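In what follows, a structure is listed as structure tokens, so that the remarks can point back to it.
Since the model is a prediction, treat every value here as computed from it, not as a measurement. Below, chain A is the first sequence line, B the second, and so on; all start at residue 1.
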Amino acid sequence: MRKLALSDEILLSVEKPARYIGGEVNMQVKNTKEVDIRFCMCFPDVYEIGMSHLGIQILYDILNRREDTYCERVYSPWVDLDKLMRERSIPLFALESQDPIKEFDFLGITLQYEMCYTNILQILELSQIPIYAKDRSEEDPIVIGGGPCSYNPEPIADFFDFFYIGEGESAYNDILDLYKECKKSGKSRREYLELVAGIEGMYVPALYDVEYNDDHTIKSFRKNTDTAPDRVKKQVEMNLSQAFYPTKPIVPFIKATQDRVVLEIQRGCIRGCRFCQAGMIYRPTRERDVEYLKKCAYEMLKSTGHEEISLSSLSSSDYSRLEELVYFLIDEFGSKGINISLPSLRIDTFSLDVMGKVQDIRKSSLTFAPEAGSQKLRDVINKGLTEDDILKGASAAFNSGWNRVKLYFMMGLPTETEEDIEGIAVLTDKIAREYYDIPKDQRQGKVSIVASTSFFVPKPFTPFQWSRMDTPEEYLYKQKYLRSKINEQLNRKSIKYNWHEAQLSELEGALARGDRRLSKVIYDAYKAGCLYDSWSEHFDYDKWVKAFDDNGIDMSFYNSRERKEEEIFPWDFIDVGVTKAFLLREYKRAKNAAVTPNCRELCYNCGAKSFGGGVCFDGQELDKSSNKSQGTVGGSI
Amino acid sequence: MKVRIKFQKYGPMKFIGHLDVMRYFQKAFRRAELDSEYTKGFNPHQVMSFASPLGLGLTSDGEYMDIGLNFSDSPKLMVKKINGVMSEGFKVVGYRILEEPLENVKNVTAMSLVSSSDYMVSLKDGYSLGDMITCIDEFKAAFLKFVESSEIIISKKTKKSEKLVDIKPMISFVAFDEAEYKNKLKDVLLDMPISVDVAPSHVKDADSDGKSGHMKDADSDGKSSYKMDADTDGKSSYKMDADTDGKSSYMMDAESRAEVYDNGIKVYMQLDTGSESNLKPELVIEAFCNANNIEYNPYAWQHHRLEMYTRDDKTKKLISLDRLER
């Protein structure tokens, strides 16, 4: 019988003890004495959230395919257990073997959102691993960071031995093979890290020095050793169509946020919305083979027993074989009590037909993400959605029986005016009017519309990376202004308005475009008690403000200034394929509200073609003829 | 058809709460590709009901659930199939295809008939009961004195108020080792398998036209020794401990999964369970500690359920749920 790291007494005195016992269905079991490498994969948030993440499941599967490696998992202990572990000096342990993580060779931490940064320090401290990479000894695990936030790793650079920039499928084998070699030949931690820097996509922060100008912008960013590359190139899995997919994902005992089979149908997005980081860093768009996906769906439902399957992608409607796949899933599994969930679908005849088949219309709501209230602003952000599309979609949905709609908007987008904000209220009201255009005897009671606004946070590697972000005061004013405008609408009683916390967005903004100087701020905030910052009940803004003040750093430096075109950004050393020149062209087009066509319509030479595959090479013949025009279009901003 | 499944829950799985156990089995049955019966509607779910849910932290050799299936292979094969997809800490040890409900009789699930449960409660290693009770003999003496007092009054909290209850009548017996437990069990168990007679008195017409109607589709397989001709009053051969493998049922002689502790201090108890009278072993232990001036530590004790029973109305004796035919 597996022995647990925590006593019965501790497990029975904390919330949801199942978070810490492992032993789930499809968990990998290996003899720890028979492997060369012990790797612990970490999602620095609570179990139910971490277990819902597809990326970790993919890496868990890939690493465990190696016979010489045992990959295990760890998640952030919840605050109740955190307290007990500190009081009793219990080292943080991996779920599978229940062994302390400090005994492992690697600790890999996925960086999915900025607000998890203090949780990383919690993981390190509870594991009894020195928080700063420079303080680690030969005995400590090598700490690796990866995931979306590693596209600007600088704010947390001091805590990591190295970052893996890009998709995990491609280079882990090289990293582990090298580690085994180094261990065999008695090489030191430092020697290993210098060699790792030679593997494409690996960024070892200690091998680079940053110099700052008097105004705190970056003067230079240079390597301090020859083995490190000047620029770190993003790793991309080009053979996605049939590449490893974890057909036996772990099934948690407690209900995870994603309590379902998740089928990643494609990676990347052809749309090029200018606020969206994922849409840029995951270029080029690559589809998975539909026959392969059908096989995966069958195997995963069989191996997990889940009662729901969900398609995952940034924009499902753009998957070229979507109809075939969806109708297959409905025909094959619908009768077996399996729910089919289809997020990120454009509202059209096909999606309404499908959703009518897979959902109870009376109980479900439809979601639109117009993102901006006016056509001008939707053009600025390159959201290829017109008011006509939205109203026709809503009308079609209402006619099919839906009477609940959710709308997502962003506030604080570049060039935003009061008219644009008012546009959110007007558009929401127009949608309600579409509903009441239906004859009364054919309607299902009242319409209910929930409009939510989040505050726009500019992200690295987007056309808006130069852009100024609103202050919390400006956000608050805008939010009140919108509230008053919604109250002026004819159908105000059918509209509910929700908004996000401005202070959280402000911090997210600073961390997203921050530099190395922030490591100390994060450290101080953590030491002051900040943890689980993404949970509003735990977020303590004042402690963060104090940590910034104590270090003489102003959040407004990162947020409230328009960056100069030539400024060196902390993340410039990363080559994501998409070029800075393209992003700048896009920023200028945004200011002119010029729409850029999607990747399938016309190539705008973003740079991702250098990876040699994906959507850039679809319909090769057609592309050749349009190549000539691309140069001119790209050049004339 | 309705199927009654008996399972063990042990080891780290004691930290999985009841609702998660239900979700676990729903997924497990899909993995095992059982042809489950689903409720109708847009959110269909498997037909499934549990007897007396087990609290967090408890282990068990005798948990029960009734499920609905459209098709069943032989019980033995079904048990093998389900155990093939279990994770460590769950094991199916019994499978019985239940008889169709009697005509004109409201289908009362056995789950609502649970009247008694057996528990084994052990002191975990690393905890102490003070200077007076340091070994099983001292514990036995103190515990016997405790249960043999004329009344055991505890204060029981309900949703509305707190009231004093005498729990003594809810404890049918205690024992301190397995042999003594099995011996005492013999006295309270109905020594023959019963189906029709088990039907509770409030079930209309159970006695008059029930028996014959039910016997029509009786299992002719001789192995299925649980089936008893209702007209003969004889004693059928019924072996409690051996594997039985029949057309309608399969009972595994499974090893107990109770945790064993070096200190040896443990007690077996048979307690009332159900809607009319319900006593949890934790309350008995707490009362015992209070009576002996020992500070009650809820984490010091491992409670393990051994079996669940229903009471036969005629004989007032107990029948374990896996021996009921409907």
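- For a residue to count as touching a neighbouring chain, one of its non-hydrogen atoms must lie under 4.5 Å from one of that chain's; by this rule A:S7 does not touch chain B.
- If you tally non-hydrogen atom pairs under 4.5 Å between each of A:E9, A:K255, A:M27, A:R2 and chain B, the highest count goes to A:E9.
- Chain B is approached within less than 4.5 Å, heavy atom to heavy atom, by no residue from residues 70-94 of chain A.
- Within the 4.5 angstrom heavy-atom criterion, atoms from both the backbone and the side chain of A:I254 approach chain B.
- Looking at A:L301, there are no atoms closer than 4.5 Å to chain B (heavy atoms on both sides), in backbone or side chain.
- At a 4.5 Å heavy-atom cutoff, B:F25 makes no contact with chain A through either its backbone or its side chain.
- Minimum interatomic distance between A:L12 and B:G57 (heavy atoms only, all atoms of both residues): CD2-CA, 3.8 Å.
- Here A:E307 is the residue among A:K16, A:H306, A:E307 with the most heavy-atom pairs under 4.5 Å with chain B.
- Contact annotation for A:K3: neither backbone nor side-chain heavy atoms come within less than 4.5 Å of a heavy atom of chain B.
- Salt-bridge annotation for B:K27 and A:D259: present, with a side-chain N of the basic residue lying under 4.0 Å from a carboxylate O of the acidic one.
- B:R31 places a side-chain N or O within 3.5 Å of a backbone atom of A:T304 that can act as its donor or acceptor partner.
- Within a 6.0 Å radius of NZ in A:K302, other residues, nucleotides and ligands contribute more than 12 heavy atoms.
- Under the rule for a side-chain hydrogen bond (donor to acceptor under 3.5 Å, both in side chains), A:Q98 has no partner lying at least two apart in sequence or in another chain.
- Heavy atoms only, all atoms of each residue included: B:S87 and A:F253 are closest at OG-CZ, 3.7 Å.
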